[in-house]
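Working notes, beginning with the structure itself.
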Amino acid sequence: MSLATTYSPTDVEAKWYQRWQEQGFFKAKPNPKKQPYTVVIPPPNVTGVLHMGHMLNNTIQDVLVRRARMQGKEACWVPGTDHASIATEAKVVALLKEQGISKTDLTREEFLAHAFQWKDKYGGIILEQLKQLGASCDWDRTRFTMEPDLTDAVLRVFVDLYNKGLIYRGVRMVNWDPEGRTAISDEEVIAKDVQAKMYYLKYEIVASSLKPQAASPSNEQSLQPEADSLWLTVATSRPETIMADVAVAVNPNDPRFSHLAGAKLRIPLLGREIPVIFDEYVSIDFGTGALKVTPAHDLNDYELGVKHNLPVIDILADNGTLNEKAILYVGQDRFAVRKQIAKDLQEAGLLEKIEEYASIVQTSERTKAVIEPKLSLQWFMKMEHMAKPALDAVENDTVRLHPPKFKNMYRAWMENVRDWCISRQLWWGQQIPAYYLPDGTFVVALTAEDALQQAIAQSGRADLQLSDLRQDEDVLDTWFSSWLWPISVFDGFKDPDNADINYFYPTNDLVTGPDILFFWVARMIMAGIEYRQEVPFKNVYLTGIVRDAQGRKMSKQLGNSPDPLDLIAQYGADGVRTGMLFSAPAGNDLLYDVKLVEQGRNFSNKLWNAFRLVKGWEADASLPFVNEKAVTWFNARLQAAIVEMDDHFEKFRMSDALMTIYKLVWDDFCALYLEMVKPAYQHPIDAETLRHTTAYLETLLKLLHPFMPFITEELWHELAERGPRDYVTVAPWPRATAPAHSAETLASMDKALAIVAGIRAVRNQKNLGPNKPLTLVAKTDEPQLVTDYEGIIRKLGSITEVSFADAGPAASVSFVLGAGEFFIPLEGHIDMAAERTRLEKELEYAQGFRDSVQKKLGNEKFAQNAKPEVLEKERQKLADAEAKIAALEQALKGL
RNA sequence: GGGGGAUUAGCUCAGCUGGUUCAGAGCAUCUGCCUUACAAGCAGAGGGUCACUGGUUCGAACCCAGUAUCCCCCA
């Protein structure tokens, strides 16, 4: 045979991807004769390269899209990337730095020119990589969140929401990323457990501020942590913020501090006097029960400050160093100051102790920097109005989450959602279309010209020029682009009634990770309802995280993530795709192991060899059709498998759908069917069998195609001469039919295969090897079945002769199936004692089973309460058990 | 601290409204096999008191309560 015994994917994959593109199979356009099926890709960052998470996510999307395409739908998978404000800007800044250019030396325009240059060079890498995976995106539709049309969409939405009163500008406590030097939203903050230190600082009580102490009895008994009462110890994890202290708060119900009413304290080292305030917010148990209040650097302190009318002293610069308001340590980084101030406090005798404690720090999702709560003037979007309908859509299953357990999470977030901080102090992104007048007021407009008109109207100053207006420096959060994605990729904002959006929207399925359920999914639902009065997708399939075999997240630091492209090169895209899906139930983390990918590759190879076998057969039209039983049986199995697969797909159980076809191909088709019909070596096969077999193989290729697009396309073309547009990629998805008598067909074959299994078990037990010719003697009440399937039993069992008898030959090994007993004459291999023991064991087991069924049936309450069909089944079990017992007893007697 | 989910074979998971199979799959393991499609393979086998303790029921992996452990989200 000329074909290699192992399949080599690299030879074929590039070829077919190119052909598919040449044929335009992935292109989609509105077609009223077809049902649309739309998926928008979760746009990867332009800074990204393909990682294992993308592999999983995009494999799932491609499986869904390819199947829909084969089902005759107008399948449209829209690819694209997002501009990733913070990440990209950081990357470009770093690159410029290498070239000796500082961002601050550049104008905004110059910087953006560099950034776009970078994007054009590297921004498309990940999309090219997706092609190697086989992703069947409509590449003509590739979009980018910062391209002109999508920018237009963002600005339109901003202006619209501002006009609706849903976007506002205000001073709020925001999450400040000192690394990115920008505000970020609550969703971009990640809490991390850390081992932190608690510093116990001594604040001097200003003696003159203390009321003369009457010898109050309660005071005598109260705990007095300060021996001389001249000091108050305050615990803090952030000693570097004492320069921003404006008060120390204690709980009014805490008797230890009642004498401090009206007292003043001196900030350690700094010496500034601050009041002691009383508020029940302070927890008595925590630290010393005294809390330093720094409204500029803590949300809770801020609220306390507002309540008690305290000033705000912001001592931090944008980059995390202390500013001149701190007076001490000006210009030094916050963490350096923390170390230094602890030393200085120690030396000054103002540090009582340091304790270790488990704490949480908030970090930036993008830069990993420790977040500073910072009072800042930013743009916000009101969420309440949009959250309500978006919550309802999921609650009432207009949008279904798969698996549904994420509904709870979604609800919790939606019910507690806070306003979204959408401004970022960056240049890479859509600049906020707000324009400031010389008097400090502002207008919001799509263009500068519009803004000028409005400004003139608003200010009454007809002499205003464009140059008098200053556009807001900030850009919008990247997610403020992404949340419009399902609409903006079809130009639904610029042109809300265009053919594409009317046809392809709402999309069908969205595949993404649960980590961006709030960032993205929830907000897309909001945007869909707000702007199209319709949710953007019907199903959200939430994938798990790809972890290593030990359950650790894949990370560059650990070096536990394989390079996806290496894997594809080594195992083939088909092997990698199936490998990933083998172990990926929706919502469950995938423990990646190279074994899975090996299994995928092995499966490709299995399929390849099945093809080689069939391909090598010569048909002889003069031969009789001898394989009717096998052909009918496999058809029944095939149809049942199609039904099962469709059901799995319906429920988004992708790995189960894959497992169904995997077992059908490997076990039923290769291990059984092909063995049944296979002619003897170098003998021809009858034409009828070959015709059926080829048709079955074609159907299998179709069913496999969504999972393994490349090998199936290769074999599709190897199997037969094909027309110019005849590709499995666009072949019709098999529709299940219900063959007549399918249940009986399957049941009969099961019985025949049980006989084969019995024979093979004897071979194994007796160490006979697969080829030693054996004969079979059947003592059965179903001789017709044995006769019908004699060919199969002979072939699969390597049996030369089947005969019937009422008793087995003396020197034989037997096995019992139902009421029948089957004998294999074996001179010289019989160990009577062992045979007896084996049969006795089997008998004992059967009797135990019978007894338990009998007991159940004898139970009056069971007979009364159980459904009739359950009762009937139990009776059947009893009858079967009794038949088997009789057969076993006979067998024992015969020994 | 609040909420949610989970716990079934060595591993990853199915097991639909309690009742066909005295618990299933894939992988892994073990024993034979280089049997002319495939050793990336073939044939066969072993392996689980369904986390624990109680309860409801004729009957519980499944329902209820409690305990333990783990995971996730939020603070």
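All chains are named by letter (A, B, ...) in the order of the sequence lines, taking the proteins before the strands, and each is independently numbered beginning at 1.
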So which protein N/O to nucleotides 25-32 of chain B N/O distances come out below 3.5 Å?
residue: B:A25; atom: O2'; partner: A:Lys663; partner atom: NZ; Å: 3.1
residue: B:G26; atom: O2'; partner: A:Gln599; partner atom: NE2; Å: 2.9
residue: B:C27; atom: OP1; partner: A:Tyr662; partner atom: OH; Å: 3.3
residue: B:G32; atom: O2'; partner: A:Asn767; partner atom: OD1; Å: 3.1

Where do N or O atoms of nucleotides 55-58 of chain B meet protein N or O atoms at under 3.5 Å, pair by pair?
residue: B:C58; atom: O2'; partner: A:Asn859; partner atom: ND2; Å: 2.8

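Residue contacts shown for A:Asn408 are limited to sugar-phosphate atoms, with no base heavy atom under 4.0 Å away. If you check every strand for non-hydrogen atoms under 4.0 Å, A:Arg760 touches sugar and phosphate atoms only. Residue contacts for A:Leu596: at a heavy-atom cut-off of 4.0 Å it reaches no nucleic acid atom on any strand shown. Here A:Ala412 lies out of heavy-atom contact (under 4.0 Å) with every strand. Contact annotation for A:Ala671: backbone-only contact, meaning every heavy-atom pair under 4.0 Å involves sugar-phosphate atoms and none involves a base. Among the heavy atoms of the strands, none lies under 4.0 Å from A:Glu415. At a threshold of 4.0 angstrom between heavy atoms, the contacts of A:Arg418 are confined to the sugar-phosphate backbone, with no base atom among them.
At a cut-off of 3.5 angstrom, counting only N and O atoms as typed in the model, there is no donor on one side facing an acceptor on the other between the side-chain of A:Arg763 and the base of B:A43.
Rounded to an integer number of Å, the gap from A:Arg547 CZ to B:C70 P is 15 Å. One interatomic measurement links the two molecules: CD1 of A:Ile759 to C1' of B:U35, which rounds to 16 Å at whole-angstrom precision. At whole-Å resolution of the value, CD in A:Gln765 and C1' in B:A43 are 13 Å apart. Counting to the nearest Å, the P atom of B:A37 and the CG atom of A:Asn609 are 10 Å from each other. Summarising the geometry, the separation between CZ on A:Phe611 and C1' on B:A37 is reported as 11 Å, rounded to the nearest angstrom.
When atom types are taken as modelled, the side chain of A:Asn605 and the backbone of A:Tyr7 share a donor-acceptor pair closer than 3.5 angstrom. Within the 3.5 Å criterion, the main-chain N or O of A:Ala619 finds no donor-acceptor partner in the side chain of A:Asp686. Using a distance-only test at 3.5 Å, with no hydrogens or angles considered, a donor-acceptor pair links the side chain of A:Asp589 to the main chain of A:Ile545. Judged by distance alone, with hydrogens and angles left aside, the side-chain atoms of A:Asp647 form no donor-acceptor pair with the main-chain N or O of A:Val643 at under 3.5 Å.
For A:Lys553 and B:C71, the shortest distance from a side-chain N or O to OP1 or OP2 is not below 4.0 Å.
As rounded to the nearest Å, B:C58 and B:U12 have P atoms that lie 39 Å from one another. Using atom C1' as the reference point in both B:G4 and B:U56, the two lie 26 Å apart (nearest Å). B:A23 and B:C34 are spaced 37 Å apart, taking the C1' atom of each and rounding to whole Å. Across the C1' atoms, B:G48 and B:G24 are found 11 Å apart, a figure rounded to whole Å.
With salt bridges taken as basic N to acidic carboxylate O contacts below 4.0 Å, none links A:Asp668 and A:Lys663.
Both A:Leu591 and A:Ala757 sit near RNA chain B, but only A:Leu591 has its closest nucleotide nearer the 5' end.
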